[in-house]
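Scroll down for the structure; my scribbles are underneath it.
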Amino acid sequence: MPWLRGLDIDSHEKNVRSSMNIFDKYHDPIIEDSIKQWEDGKRKEVDNLLDIMITLKDESGKPLLSIDEIKAQISEFFFGVDGPAAGAEWTLAEMINQLEILQKAIEEIDRACAREAFRLHPHVPFNLPHLSLEDIEVGGYFISKGSHVFLSRTELGRNPETWEEPLKYNPERHLGENVSKVDLSEPNLRFISFSTGKRSCTGQTLGTLLTIMALGRLIQGFTWSVPPNEEKIDLSTSEELTLAKPLHAHARPRLDEAMYPVAPP
Ligand code: HEM
């Protein structure tokens, strides 16, 4: 209801604003300090992503991004990097409870295990809000201009009209699909991984690589099992849809000792 937004009845806007203030408190001084170092000539070498954003120029040689645009981009990147960690953690948690799937994963790591975890366990409940620029009808529903549109990631991924036994973790359901070997994207929105369209995830390739690399290394490097004295991994979910209790599992090295370098003290 766009005309009710100003009232902020569910305190959504207040909560988001207060979270963003905490976020900004950490990021703003670093960003502002780096911009100052470039302006004072103390910094000359492009060394990281922030330097790239600060030094981008338009055709007339002026800075391409304003300070507010740089801050917004950095915030969005930080929201993004949670995804691979959550994806790898959920996949491993589900597979330790069904060891035959973990065994197959060792052979098929580059195929469907993470894709199935993305379907069943989106790491946040709703997609980023989108604003409707005009009156439009989607799937029989009228959406008025100015509405904030939220897609429920859980409801899409667990929709029984799309997915047989939607609550079962079953990577094989994806194997018959016409997807390339490592494909976590789902442009048809039967579940939301990176979403689709102009505002879809810009970190799609990096997110896919980080998820598969983390998971691949964990499965390749260790034999995983439920910890002694426990029967199953507890898959209950927090309000934010992460594992309610961070994954606690037993890991036994399965490669040569030399493959596990010890970090210097
Ligand atoms: C497994 C990992 C990830 C998942 C599942 C994921 C998912 C998503 C989704 C669903 C959106 C919203 C799309 C929409 O509004 O329709 C999004 C936006 C975005 N993501 Fe990711 N993401 C991941 C990793 C990353 C990484 C690693 C980065 C960058 C380092 C990143 C950067 C962004 C940015 C900048 C946007 C905003 C795009 C825009 O509004 O134009 N993401 N992501």
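Every number for a ligand or one of its atoms is a count from 1 in the order of the listing. Just so you know, these numbers use all the heavy atoms, side chains as well, and skip hydrogens, waters and symmetry mates.
Given atom 15 (O) of ligand 1, the protein heavy atom at minimum distance is His130 NE2, 2.6 Å. For atom 2 (C) of ligand 1, the nearest non-hydrogen atom of the protein is Pro84 CD, 3.5 Å. Of all protein heavy atoms, the one closest to atom 13 (C) of ligand 1 is Arg199 O, 3.2 Å. In terms of protein heavy atoms, atom 16 (O) of ligand 1 is closest to Ser195 OG, 2.7 Å. Among protein heavy atoms, the minimum distance from atom 30 (C) of ligand 1 is reached at Leu206 CD2, 3.8 Å. Nearest protein heavy-atom contact of atom 5 (C) of ligand 1 is Ser193 O, 3.4 Å. Among all protein heavy atoms, the one lying closest to atom 29 (C) of ligand 1 is Phe77 CD1, 4.0 Å.
By heavy-atom distance, the residue among Leu210, Leu128, Val149 lying nearest atom 12 (C) of ligand 1 is Leu128.
A side-chain donor-acceptor contact under 3.5 Å links Asp58 and Ser60. No side-chain donor from either of Glu230 and His250 sits under 3.5 Å from a side-chain acceptor of the other. Side-chain atoms of Asn159 and Glu155 include no donor-acceptor pair closer than 3.5 Å.
Contact record, Ala114 with Ile212: CB-CD1, 4.0 Å, taken as the closest heavy-atom pair.
For atom 21 (Fe) of ligand 1, the neighbouring protein N/O/S atoms at less than 2.8 Å, given as residue and atom, are Cys201 SG.
With Tyr169 contributing its side chain and Gln98 its backbone, the two residues share no donor-acceptor pair below 3.5 Å. A donor-acceptor pair under 3.5 Å is absent between the side-chain atoms of Trp38 and the main chain of Asp33, judged by distance alone.
Leu49 and Leu209 end up in different hydrophobic clusters when Ile, Leu, Val, Met, Phe, Trp and Tyr side chains are linked at under 4.5 Å. Ile35 is connected to Ile74 through a chain of hydrophobic side-chain contacts under 4.5 Å among Ile, Leu, Val, Met, Phe, Trp and Tyr, so both are in one cluster. Ile143 and Ile192 fall into different hydrophobic clusters, where Ile, Leu, Val, Met, Phe, Trp and Tyr are joined by side-chain heavy atoms under 4.5 Å apart, directly or via other members. One hydrophobic cluster holds both Leu64 and Phe77 under the rule that ILVMFWY side chains link at heavy-atom gaps under 4.5 Å.
Heavy atoms of Arg153 found under 4.0 angstrom from ligand 1 belong exclusively to the side chain. Contacts between Ser200 and ligand 1 below 4.0 angstrom, taking non-hydrogen atoms only, involve the backbone exclusively. By the criterion of a heavy-atom distance under 4.0 Å, the side chain of Asn127, and not its backbone, is placed next to ligand 1.
Close approach of ligand 1 to Phe118 (heavy-atom distance below 4.0 Å) involves ligand atoms 1 (C), 5 (C). For ligand 1, the atoms closer than 4.0 angstrom to any heavy atom of Thr211 are 1 (C).
Because its NZ or CZ atom is both nearer than 6.0 Å to the ring centre of Trp163 and within 45° of the ring axis, Arg119 counts as a cation-pi partner of that residue.
Between Phe222 atom CZ and Tyr260 atom OH the span is 5.0 Å, to the nearest 0.5 Å.
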